[in-house]
Each structure stands twice: as C-alpha cells, then as structure tokens.
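Indexing begins at 1, ligand by ligand and atom by atom, following the structure's order.
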Amino acid sequence: MPDGRWVEIGDGVLARRHAELDLTTGLVLGADRALVVDTRGDARQGAELAAAVRAVTPLPPVVVVTHAHFDHCFGTAAFLPCPVFAHPRCRSTLAATAGGQRSEWTTYYRDRGDAITAEALAATDPPLPDRPVDPAVELDLGGRTVTLLHPGRGHTDHDVAVHVPDAAAVFAGDLVEQGAPPDLGDAVVADWPATLDVLLALQPAVVIPGHGDPVDTAFVEAQRATLAEVAALHAAVGAGRLDARAAERRSPLPGMPWPQRPC
Ligand SMILES: [Zn+2]
C-alpha cells in the first residue's frame, strides 16, 4: 500500500492522506515558502513525507505541528533545518512525553507484527518546535498569508490550527476527526466545543482533520454537538449529579475517560 496520496483542497493547498492511522497532513504553497502541516509519526515516515513534498515543490519548507502526539510530529527531522511552529505547551509536552509515547507505540507496532515501523519509531528522537504560536502567528509564505492559531483547548491543551483565508480552508489537527470518534485521551472536553466555535467562526468551506477525509462545517457542527453532550455529562459526573456508569450509558462516545472529581 502506498504511504500516502495528495488531495487538492484549493490552489496550492493540499492534504495528504496516509494509510497509517488514517493520518492527514497538509501542504500550503506560497511564492517563497511551503508550509507543511504535521510531519507523520517517525523519522522514516517523515522522510517519506519530505520526499513527497519535494516532488510537489522545490520551495523551502516551514513546519507547523498541530499537537504533540507522536503521529503528528515525530517526523519533523526530515524537514530541518527550517522553522518549526507550535504552541509553547506543545514543545513542553513533547519534551516531557516523547520517551513515553515512543515506548508505548513501539510496543503497539511490535505487537501488530509491524517491525519496520516499530524499529523506525524506536530510533526516532523528535526535534522540539522552536517558534511559538501563542495565540496566533501570521505567516507570509510569499503572495499568501496564512494564520497559525491556538483556538483554545480541546483535543489537547495546546492544539494549533492553520487558516488559509484565500482558500477558505482550515487545517484543524485532531480538533476534528473524520472516520473515527474524536480522541479524548488528553482532551480538555469542557473547552472543546467553544474551541470549535472559533474555527467555525472563520467560515471555512473545507476543514481538514488530523485523521480522515476533508469535511465541511456541517460535519464540524455535528462533532461539536457530540462533544458538547459529552462535556455536559462530564460536568454532571464531576458535580456529583450523575453516576459515571449512567453517564457512560448515555454517552455518544462510549469508553471515554471520566473525571474522578469536579473539574
Ligand atoms: Zn492527537
């Protein structure tokens, strides 16, 4: 199976769909620089993505990392030297968790019999982002300005999205997921719906999720409604108004983590 395929979103705006974890990365071309949105999950995958980007454009890259989960940022080394933008908490989270993520997911790939990915991941020491996005950075790519923004907490406490106004496109990272439920493992569920409101207020024609196919705002609104329902259940459990088991039964996202105390 090929490692990825490009999907054209607009003029010089591309999404790349990857079989591994159904990941979606991005590429935005200016006249002078090319913005790469996320870098895949290990050094080998990053090299594959960098080669695919070079096949599209000779422009020097700029990287933005949407968040510190390994599948979005462990491939960054293949693009260096170049600026690497992320929220400051992405940098600190990656510094604190890279080793743990590496061992957890190396085991995952070994257990699946994918020795190639397991070994590539085990040998990957992800570079830390060096340019802060807090809360927003306007980036001139040459004839096209994009905005990197932290719209609020949601999938993590440091998500960064990319707004490409002339293409009415938003790269949302894992704030939006298509093809699988949103992942709540490191989430700030109470804030997530309002964070999606910030992205919806940009009135994008297309939203590119961190996993899955590009979607429209109706999809994002539906995901927002689901997350708002979950947030309300979390709040009810946290306030002692609802038993966690009853909340679990009512939840539109069963199997989610529940707060142990009010939050
Ligand atoms: Zn994630």
Next item on the list: Would you list the protein N, O or S atoms within less than 2.8 Å of the Zn ion (ligand 1), leaving out water?
Entry: H67 NE2, H69 ND1, H155 NE2, D174 OD2

Next item on the list: Report yes if some heavy atom in the side chain of T117 is under 4.5 Å from a heavy atom in the side chain of Y108; otherwise report no.
Entry: no

Next item on the list: Report yes if some heavy atom in the side chain of E221 is under 4.5 Å from a heavy atom in the side chain of L200; otherwise report no.
Entry: yes

Check: If you group Ile, Leu, Val, Met, Phe, Trp and Tyr by side-chain heavy-atom gaps below 4.5 Å, do L59 and L14 land in one group?
Finding: no

Donor-acceptor list for residues 74-87 side chains, cut-off 3.5 Å, not counting sequence neighbours:
| from | atom 1 | to | atom 2 | distance (Å) |
| --- | --- | --- | --- | --- |
| T76 | OG1 | T39 | OG1 | 3.0 |
| T76 | OG1 | C73 | O | 3.0 |
| H87 | ND1 | R89 | N | 3.0 |

Check: Hey, what's the ring geometry for H67 with H158, parallel, tilted or perpendicular (30° and 60° as the breaks)?
Finding: tilted

Next item on the list: With H211 as reference, evaluate D71, D22, T24 under the side-chain hydrogen bond (donor to acceptor under 3.5 Å, both in side chains) test and give the passing residue.
Entry: D71

